[in-house]
Q: 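Would you mind keeping the following structure in view while I ask a few things?
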Amino acid sequence: VVEDAGSGRRSSADHDGGASADRVILHVDMDAFFASVEVLDDPALLGLPVIVGGAGARGVVAACTYEARMFGIHSAMPSGVARRLCPSAVFVHGRFERYSEESKRLHAILDSISPLVEGISLDEAFVDVTGVRHLLGDGATIAERIRFRVASEMRLSCSVGVGRSKLVAKLASKAAKPVADRNGVRPGRGVVVVPESEELEFLHALPVQALWGVGRATGRRLEGLGVTTVGDMAALPLGTLERAVGAAVGGHLARLSRGDDPRPVVPERAAKSIGHEETFARDIWDRTELHRRLAPMVEASANALRRSDLAARTVSIKVRYADFTTITRSHSLKVPIDAGPAVAAVAGALLDSVDLSLGIRLLGVSLSGFGQRDRGVQLTFDLDPERAGLGKGDSVGREGGAPEQGRDPIETVQRSWESVSDALDAIRARYGDSSVGPASLVGAEGLRIRRRGDAQWGPRALPGRSEGDDRRTTE
Ligand SMILES: [Mg+2]
């Protein structure tokens, strides 16, 4: 069972007895990762402001080179704003598969250093090296070694922070990064080590926003108290802090401001959710249209789930309105599901519960609460028309004891589609993803099955162009 990243896995807590004072944790973060991979693959981009992201009016910057950051561009910025800041920027459509490839290389390097590697995203990982120092040297030496290997084996650069906790290691890697501003790009220190004796000095100089849990609202409330740095916050009586931001957040921030972060490095964190989302070129109000957009995302997510040999207990949809407010709706089932139509039934019902009057700019579906599909159960009862129909099975089993009875209607859909799903997967494995699929996904160009990563970048600049066209646009 892959469900819980914490349960039964090795972690640095097992390793050295918890948050002991002598932990050495590295935070390794690739520099401008997606953009650097694009430059690596196309040296003509070297030295240019390159933006990976959706070039269309609704696109978002996923990553950019330091040359682009000189203009004030940063990730998550709307592409339109980025283009205004730097009209000569080169937009490149992202290639998730390619970045995954390089990410695997990074992980292979890190895995060869320590068994305690926790990937945070494609380009970021924590490494607990406490137990390998006798072999490889101190934190600084190991950090330099990682940077050297990433540079020589991947021809990419990364920054590494070293500290006693995840908090300090993460903030240290940030301090190690190259700096880009109007005056140009300056190389970073590459490795920043924060020894225990300098921890408070390091933390207290940072703005409060550097700490996890300080968003805009909390930041404003703290500012009202005259608190702008972590040091200001550490000097505040706990009661005052708790009254300002609530007891839970206050206690949490007080601990962080003292450098108290006992979280262990948990290796091999499995994906917690599988899903797809899409930013639309125009806001959508029409419910039928949204269902049509949801269908290929559901199908792709269910396919990915089965490919990973997983089933999901929780189906969620995410909706972002035209004004950028974002809501999610989730439904959890007793039994994990992996069949497209079962996921579609839940996701469709969730979508129907959402108010559309504001207009929808983004729709997404995600599957989580992973477990294994129970393939052993015989499906005799599915042949009974009384129980096979949606919504009818429910009342039957309340008195009966058999687990097949009294099923959730969704479970009935899941059960009746299991063998079909298996057959479809076998066909896809042999003839490709677009060889077979639900009729609802068939359009003029055939099956619209999404691939992982397809929609991460927002809509393309020129929707009329075909897949094979140059991914670069400079308009
Ligand atoms: Mg990075």
Side-chain angles (χ1 to χ4, degrees), residues 25-41 45-46 48-54 60-77 79 82 89 91-111 113 117-128 142-163 166-181 185-194 206 209-212 265 269 271 453 456-457:
I25 293 176
L26 272 50
H27 180 256
V28 180
D29 191 358
M30 300 297 291
D31 299 334
F33 182 52
F34 299 164
S36 302
V37 172
E38 295 299 339
V39 174
L40 179 69
D41 289 355
L45 296 173
L46 194 65
L48 298 180
V50 176
I51 294 174
V52 176
V60 170
V61 175
C64 61
T65 58
Y66 287 95
E67 287 82 0
R69 293 181 201 197
M70 281 172 56
F71 295 87
I73 296 169
H74 55 78
S75 53
M77 174 183 273
S79 296
F91 277 81
V92 180
H93 204 74
R95 296 175 297 162
F96 184 82
E97 296 299 331
R98 182 70 186 95
Y99 311 143
S100 304
E101 227 171 80
E102 291 299 330
S103 178
K104 279 188 198 126
R105 264 183 220 169
L106 171 65
H107 271 271
I109 293 172
L110 301 180
D111 290 342
I113 301 275
V117 177
E118 177 179 347
I120 299 303
S121 63
L122 280 182
D123 78 319
E124 223 183 291
F126 286 108
V127 188
D128 186 323
I142 299 172
E144 291 293 358
R145 186 193 185 102
I146 289 170
R147 264 177 56 81
F148 176 77
R149 288 192 58 188
V150 166
S152 57
E153 294 169 34
M154 299 170 65
R155 289 184 296 141
L156 292 169
S157 73
C158 65
S159 302
V160 186
V162 185
K166 284 181 163 178
L167 170 76
V168 171
K170 167 114 184 165
L171 294 170
S173 77
K174 197 167 178 208
K177 290 273 174 191
V179 178
D181 58 26
V185 182
R186 292 181 298 285
R189 283 189 275 168
V191 173
V192 167
V193 181
V194 181
L206 296 170
Q209 283 79 5
L211 298 183
W212 278 298
V265 173
R269 171 168 291 181
Q456 313 238 328
W457 327 109

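The shown structure was predicted, so the numbers you read here are calculated from the model rather than taken from an experiment. Indexing begins at 1, ligand by ligand and atom by atom, following the structure's order.
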Q: Going by the rule salt bridge (Lys or Arg N to Asp or Glu O under 4.0 Å), which residues pair with Arg189 if we only count those two or more places apart in sequence or in a different chain?
A: none
Q: Check whether any side-chain heavy atom of Val127 lies under 4.5 Å from a side-chain heavy atom of Ile25, and answer yes or no.
A: no
Q: So that I can tick it off, tell me whether Glu118 and Lys166 are bridged by a salt bridge, with the cut-off set at under 4.0 angstrom between side-chain N and carboxylate O.
A: yes
Q: Who passes side chain to side chain contact (heavy atoms under 4.5 Å, CB included) against Ser173, sequence neighbours left out?
A: His27, Asp29
Q: Protein N, O or S atoms at less than 2.8 Å from the Mg ion (ligand 1), how many?
A: 3
Q: Applying salt bridge (Lys or Arg N to Asp or Glu O under 4.0 Å), name anything that partners Lys170, two or more places apart in sequence or on another chain.
A: Glu124
Q: Between the side chains of Arg105 and Glu102, is the shortest nitrogen-to-carboxylate-oxygen separation below 4.0 Å, so that they form an ion pair?
A: yes
